[in-house]
Each structure stands twice: as C-alpha cells, then as structure tokens.
Amino acid sequence: MADSKTQLKSSALLEQMKVHLATEEGKKLAKKIGLVYQLNIAPKKLGVDEVIYVVDLKKGEVTTGPYEGKPDVTFSFKDVDFLAVALGKMNPQMAFMRGAMKIKGSLAAAQKFTPDIFPKPSKL
C-alpha cells in the first residue's frame with residue numbers, strides 16, 4: 001500500500017541503508033554477506049498492510065516490492081519490532097522466540113541478519 005510506506009518508521013532506516021550500501025563500507029558488507037533478505041514490514045499487525053522491501057546483499061541494493069526469484073530469507077515484522085532489531089535494541093533471537101519476527105527460508109542465512117548490517121542512523 002502506497003500510504004503505508006510513508007507511515008513506516010522503518011522506511012527512513014531502509015533509505016539510509018540504500019545510501020550506506022553505495023559506500024566502500026557498504027560494498028564490503030555486501031561482499032561479505034552475499035544474501036538476499038526480503039522484509040515484510042507491517043504498520044501495526046503482522047500480515048496486514050505490509051510494505052515489502054528487499055535488502056539484496058548480493059547486488060548491494062535496497063528495493064521496494066517483492067524479490068523476483070527466491071530470497072534467502074523472508075522476515076515478517078511489525079514496524080516497531082523491525083526498528084528495535086535493526087537498531088540493536090532487541091535481540092533477533094528473542095524477537096523470533098517472542099513471535100515479534102517470523103522467518104521463512106534458511107535459518108543459517110537468518111542468523112547473519114544482525115544489527116551490524118544496518119548503518120547507525122543519524123536521525124530517524
């Protein structure tokens with residue numbers, strides 16, 4: 001939904017991620033991880049009005065919309081929970097155990113999804 005994207009706090013972080021991946025540090029990160037993550041982010045309730053982002057750490061880019069092909073892992077989050085995990089305020093394993101994050105795909109690839117892959121935000 002187009003209007004959902006504007007109300008997601010996560011969209012600002014993912015925009016910063018686009019810029020970060022264009023830097024030398026971002027290119028090293030993409031080369032090191034080399035996985036494709038699809039993020040289904042819902043404003044309030046998992047599975048409802050989700051905005052889909054793809055963090056492609058093979059090509060080093062962030063796009064909006066479903067991945068063409070099969071991503072290594074698909075995560076589903078509520079907006080606030082995604083931000084908490086991405087900013088290191090919530091442990092990804094705890095988020096999964098509490099049901100704040102759903103995972104579909106490779107668990108080995110999912111374990112590389114840590115706050116370290118995100119740029120430290122200047123201001124959100």
Side-chain angles (χ1 to χ4, degrees):
M1 307 288 158
D3 61 336
S4 296
K5 183 178 175 188
T6 55
Q7 64 191 18
L8 286 178
K9 292 182 174 123
S10 304
S11 61
L13 179 63
L14 288 158
E15 284 301 315
Q16 288 182 2
M17 182 81 174
K18 282 182 189 180
V19 174
H20 178 65
L21 288 173
T23 67
E24 205 53 46
E25 188 180 330
K27 289 175 185 170
K28 285 180 191 169
L29 175 78
K31 189 174 183 179
K32 177 181 163 190
I33 295 187
L35 297 168
V36 177
Y37 295 112
Q38 180 170 303
L39 308 173
N40 299 344
I41 303 175
K44 297 204 179 338
K45 185 177 179 192
L46 284 179
V48 179
D49 294 331
E50 290 178 324
V51 178
I52 299 172
Y53 291 94
V54 173
V55 177
D56 187 335
L57 295 177
K58 287 182 179 171
K59 294 181 184 172
E61 62 185 19
V62 177
T63 56
T64 307
Y67 184 65
E68 291 183 20
K70 187 177 178 199
D72 294 294
V73 185
T74 299
F75 292 100
S76 295
F77 290 97
K78 286 189 300 187
D79 191 31
V80 294
D81 295 329
F82 170 73
L83 277 176
V85 169
L87 298 176
K89 295 178 180 170
M90 184 188 302
N91 178 299
Q93 287 85 2
M94 289 303 296
F96 176 71
M97 287 190 280
R98 290 181 184 161
M101 170 173 73
K102 304 262 188 249
I103 300 172
K104 183 179 175 188
S106 163
L107 283 178
Q111 290 175 331
K112 292 183 180 182
F113 184 81
T114 65
D116 300 337
I117 70 171
F118 293 94
K120 301 303 167 243
S122 47
K123 273 192 180 172
L124 287 180

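In what follows, every heavy atom counts, from backbone to side chain, and hydrogens, waters and symmetry copies are set aside.
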Fill in: Stepwise side-chain contact (heavy atoms from CB on, under 4.5 Å) check, M90 with D81
CA-CA 8 Å; M90 184 188 302; D81 295 329; 3.7 Å; yes
Worksheet item: Taking side chain as C-beta onward, heavy atoms only, is L39 less than 4.5 Å from L14?
Response: yes
Worksheet item: Heavy atoms, side chains only, cut-off 4.5 Å: are F113 and F118 in contact?
Response: yes
Worksheet item: Going by heavy atoms in the side chains, are L21 and K27 under 4.5 Å from each other?
Response: no
Worksheet entry | Path from Y67 to V62 over hydrophobic side-chain contacts below 4.5 Å | no
Worksheet item: How long is the span from the CG atom in L13 to the NE2 atom in H20, to the nearest 0.5 Å?
Response: 10.5 Å
Discussion item. Once rounded to the nearest 0.5 Å, what's the spacing between atom OG of S11 and atom CD of Q16?
Written reply: 10.5 Å
Practice prompt. Evaluate whether atom CZ of F96 has more than 12 neighbouring non-hydrogen atoms of other residues, nucleotides or ligands under 6.0 angstrom away.
Written response: no
Fill in: Cationic N near anionic O, under 4.0 Å, K28 to E25
no
Worksheet, complete the sentence: To the nearest 0.5 Å, atom CD1 of I117 lies from atom NZ of K32 at 10.5 Å
Discussion item. If you apply the rule side-chain contact (heavy atoms from CB on, under 4.5 Å), what do you find for V36 with L57, and how did you get there?
Written reply: CA-CA 6 Å; V36 177; L57 295 177; over 6 Å; no
Fill in: side-chain contact (heavy atoms from CB on, under 4.5 Å) involving P92 - partner list, sequence neighbours excluded
V85, M101, P115
Item to complete: Taking the side chain as every heavy atom from C-beta outward, state whether I52 and T64 have any atom pair closer than 4.5 Å.
Response: no
Discussion item. I'd like to check L46 versus S76 (side-chain heavy atoms, cut-off strictly below 4.5 Å). Are they in contact?
Written reply: yes
Response to the item:
So CG of L8 and CG of D79: to nearest 0.5 Å the spacing works out to 4.5 Å
Fill in: Cluster link L107 to I33, ILVMFWY, side chain under 4.5 Å
yes
Discussion item. Set out, in order, the CA-CA distance, both residues' side-chain angles and the distance that settles side-chain contact (heavy atoms from CB on, under 4.5 Å) for K112 and L35, then state yes or no.
Written reply: CA-CA 9 Å; K112 292 183 180 182; L35 297 168; 3.8 Å; yes
Worksheet item: Should the ring pair F82 and F77 be called parallel, tilted or perpendicular, given that the plane angle runs from 0 to 90° and is split at 30 and 60?
Response: perpendicular
Worksheet item: Where the side chain of Y53 meets the backbone of P66, is there a donor-acceptor pair that is under 3.5 Å apart?
Response: no
Discussion item. Do Y37 and L29 land in one hydrophobic cluster if side-chain heavy atoms of ILVMFWY residues count as linked below 4.5 Å?
Written reply: yes
Worksheet item: Does a side-chain heavy-atom distance below 4.5 Å link D56 with T63?
Response: no
Worksheet item: Does a donor on one side chain sit under 3.5 Å from an acceptor on the other, for D72 and S106?
Response: no
Worksheet item: Do N40 and T74 have side chains that get closer than 4.5 Å, going by heavy atoms?
Response: yes
Worksheet, complete the sentence: By side-chain contact (heavy atoms from CB on, under 4.5 Å), Q111 pairs with (sequence neighbours left out) none
Discussion item. Do V55 and M17 make a side-chain contact, defined as non-hydrogen atoms from C-beta onward lying under 4.5 Å apart?
Written reply: yes
